[in-house]
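Ligands are counted one by one from 1 in listed order, and the atoms in each one are counted from 1 as well. Note: hydrogens, waters and symmetry copies are ignored here, and every other heavy atom, side chains too, is used.
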Amino acid sequence: MAHTLSFLAFTLFSILFASSPPAIAEPAQYSVQSYGAKPDGTTDSTKAFLSAWDQVCGSTAPASLYVPSGKFSLGKATFQGPCKNSAIVVTIDGTLVAPSDYSSIGDENNWIIFKDVDGVTVSGGILDGQGTGLWSCKASGKSCPEGVTSLEFSNSNNIEINGLASQDSQKFHIVINSCQNVIVQNVKVSAASNSPNTDGIHVESSTGVTILNSKIGTGDDCVSVGPGTANLWVENVACGPGHGISLGKKLEEERVQNVTVKTTTFTGTENGVRIKTWARPSNGFARNILFQHAVMINAKNPIVIDQNYCPDDKNCPNQESGVKISDVTYQDIHGSSATEVGVKLDCSTKYPCTGIELEDVKLTYNNQPAEASCINAAGTVSGFVQPSSCL
Ligand SMILES: *[C@@H]1O[C@H](CO)[C@@H](O)[C@H](O)[C@H]1NC(C)=O
């Protein structure tokens with residue numbers, strides 16, 4: 001009986017398999033090479049990329065833009081939507097190289113940007129922002145262009161970035177701005193530890209962004225979170241070198257809520273998990289934030305809230321942050337701090353932090369318990385917490 005059954009099942013399966021053609025046709029593929037792109041590292045292939053994009057974006061059926069292996073030199077490229085289909089895959093086997101003369105795009109804000117698109121996946125590829133020249137210009141104190149973000153998605157929904165490597169961006173590597181439902185995974189970001197403003201992944205004005213399984217080493221924040229961010233999930237990210245994972249990048253009008261940062265490691269970073277707000281008036285808030293399962297390996301400030309952020313003491317008239325921080329949980333955070341103070345909660349006098357929870361925290365400095373410092377911070381402690389809490 002058992003034999004008969006499995007024989008039948010097998011027959012049925014093989015008949016089905018043999019007789020049915022693939023149910024879904026492969027999406028039409030447009031290779032940038034058919035539009036004149038050259039994998040020689042020098043020929044400017046911008047026009048070819050944009051022509052291929054026009055076909056992909058104008059297709060009413062699912063379509064894919066294909067970049068073969070080799071090095072493609074690309075100037076500023078805006079992949080503009082809306083498109084006629086919402087199943088676009090950009091498959092990159094090769095490397096996209098920004099112009100070596102940084103001044104040619106340095107004032108453009110963006111190198112590669114997707115705007116107003118829905119349902120776009122970028123898969124694989126290496127982006128080489130060739131930022132080193134601009135970094136040295138900035139370090140020399142000369143007047144230099146601001147620099148460009150290597151890859152941005154703006155005003156877009158249902159986006160996936162998978163398996164991309166980004167190196168040596170002029171400014172930020174990857175920016176998600178005004179988007180909904182985005183997943184960034186298996187990404188590798190690298191830039192020198194002294195490269196200025198080379199944030200790994202910056203999220204702003206976006207809802208439902210997930211960042212998974214990625215490795216980020218830069219000269220600035222590994223992940224930075226700007227105003228208008230809600231429902232952000234960050235999991236399994238290795239950060240270092242870099243400034244850590246920061247909520248509160250550069251702006252005073254902070255509104256950030258429901259952020260989970262889970263299973264992260266920080267190696268030799270300036271900070272671990274940081275929330276910072278400008279010491280300026282604001283009606284912003286940051287709430288419902290969970291930092292869970294973090295390992296610190298010689299991070300300078302493993303746990304930090306800094307509401308007195310005022311670089312160069314400029315433009316902070318009352319030296320008082322109006323951003324309300326509440327319901328921030330630190331759970332299972334352990335490892336070593338590179339400075340004595342492992343936990344620093346420095347909140348606003350006007351709006352003290354509330355609902356701070358420390359649970360199972362163990363941070364050492366030179367193999368001794370680290371120290372904690374709290375100003376205007378209230379909350380609760382549970383489990384083993386070292387340094388002993390100052391809440
Ligand atoms: C918080 O964000 C997560 C995704 O990061 C989402 O699944 C969850 O529904 C959000 N919670 C609320 C209350 O919006």
Side-chain angles (χ1 to χ4, degrees), residues 86 114 117-122 151-164 172-187 189 199-216 221-239 244-249 251 253-266 271-277 283-295 303 305 323-333 353-360 379-380:
S86 49
F114 290 81
V117 295
D118 182 15
V120 172
T121 297
V122 173
L151 174 65
E152 176 165 340
F153 275 90
S154 169
N155 195 33
S156 296
N157 300 332
N158 308 312
I159 302 305
E160 181 172 344
I161 299 174
N162 192 345
L164 179 84
F172 294 0
H173 283 86
I174 297 171
V175 170
I176 306 297
N177 184 14
S178 304
C179 292
Q180 281 189 31
N181 191 20
V182 177
I183 176 160
V184 180
Q185 57 186 338
N186 307 315
V187 155
V189 172
D199 292 43
I201 302 173
H202 177 71
V203 180
E204 188 163 325
S205 303
S206 294
T207 303
V209 177
T210 303
I211 299 170
L212 299 177
N213 308 335
S214 293
K215 198 172 177 317
I216 304 173
D221 296 329
C222 288
V223 176
S224 62
V225 179
T229 301
N231 305 356
L232 171 66
W233 189 279
V234 178
E235 184 169 355
N236 197 17
V237 168
C239 168
I245 293 184
S246 287
L247 277 56
K249 182 83 188 171
L251 283 145
E253 295 288 327
E254 221 40 67
R255 279 162 183 259
V256 170
Q257 62 183 325
N258 186 17
V259 173
T260 302
V261 176
K262 191 174 163 170
T263 318
T264 44
T265 58
F266 297 85
N271 305 289
V273 290
R274 170 166 70 157
I275 299 175
K276 74 174 190 211
T277 67
N283 59 1
F285 56 77
R287 61 189 177 213
N288 297 330
I289 319 283
L290 171 63
F291 298 109
Q292 192 182 47
H293 311 314
V295 177
I303 292 178
I305 295 180
V323 177
K324 298 177 191 69
I325 296 178
S326 61
D327 301 317
V328 182
T329 300
Y330 301 91
Q331 206 174 54
D332 181 26
I333 314 276
C353 297
T354 58
I356 308 286
E357 268 185 67
L358 293 169
E359 186 185 337
D360 297 320
T380 56

Self-check item: Heavy atom of protein closer than 4.0 angstrom to atom 7 (O) of ligand 1
Solution: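 It does not: no protein heavy atom is found less than 4.0 Å away from atom 7 (O) of ligand 1.
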
Quiz item: Counting only non-hydrogen atoms of the protein, does one fall under 4.0 Å from atom 2 (O) of ligand 1?
Solution: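 True for atom 2 (O) of ligand 1.
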
Quiz item: Among side-chain atoms of S224 and H202, is any donor-acceptor pair under 3.5 angstrom?
Solution: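 The criterion, which ignores hydrogens and geometry beyond distance, is satisfied for H202 and S224.
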
Quiz prompt | Side-chain donor-acceptor pair present, N157, D118, cut-off under 3.5 Å | solution =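 Distance-only check fails for N157 and D118.
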
Quiz item: With V261, which of V237, V225, V234 fulfils side-chain contact (heavy atoms from CB on, under 4.5 Å)?
Solution: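 By the side-chain contact (heavy atoms from CB on, under 4.5 Å) criterion, V261 pairs with just one of V237, V225, V234: V234.
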
Practice problem: Provide the number and element of each atom of ligand 1 under 4.0 Å from a heavy atom of N258. | Solution: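 So the atoms of ligand 1 that pass are 1 (C), 2 (O), 3 (C), 8 (C), 10 (C), 11 (N), 12 (C), 14 (O).
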
Quiz prompt | Nearest-0.5 Å distance, CG of residue N186 to CG of residue N162 | solution =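 So the gap between those two atoms works out to 5.0 Å.
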
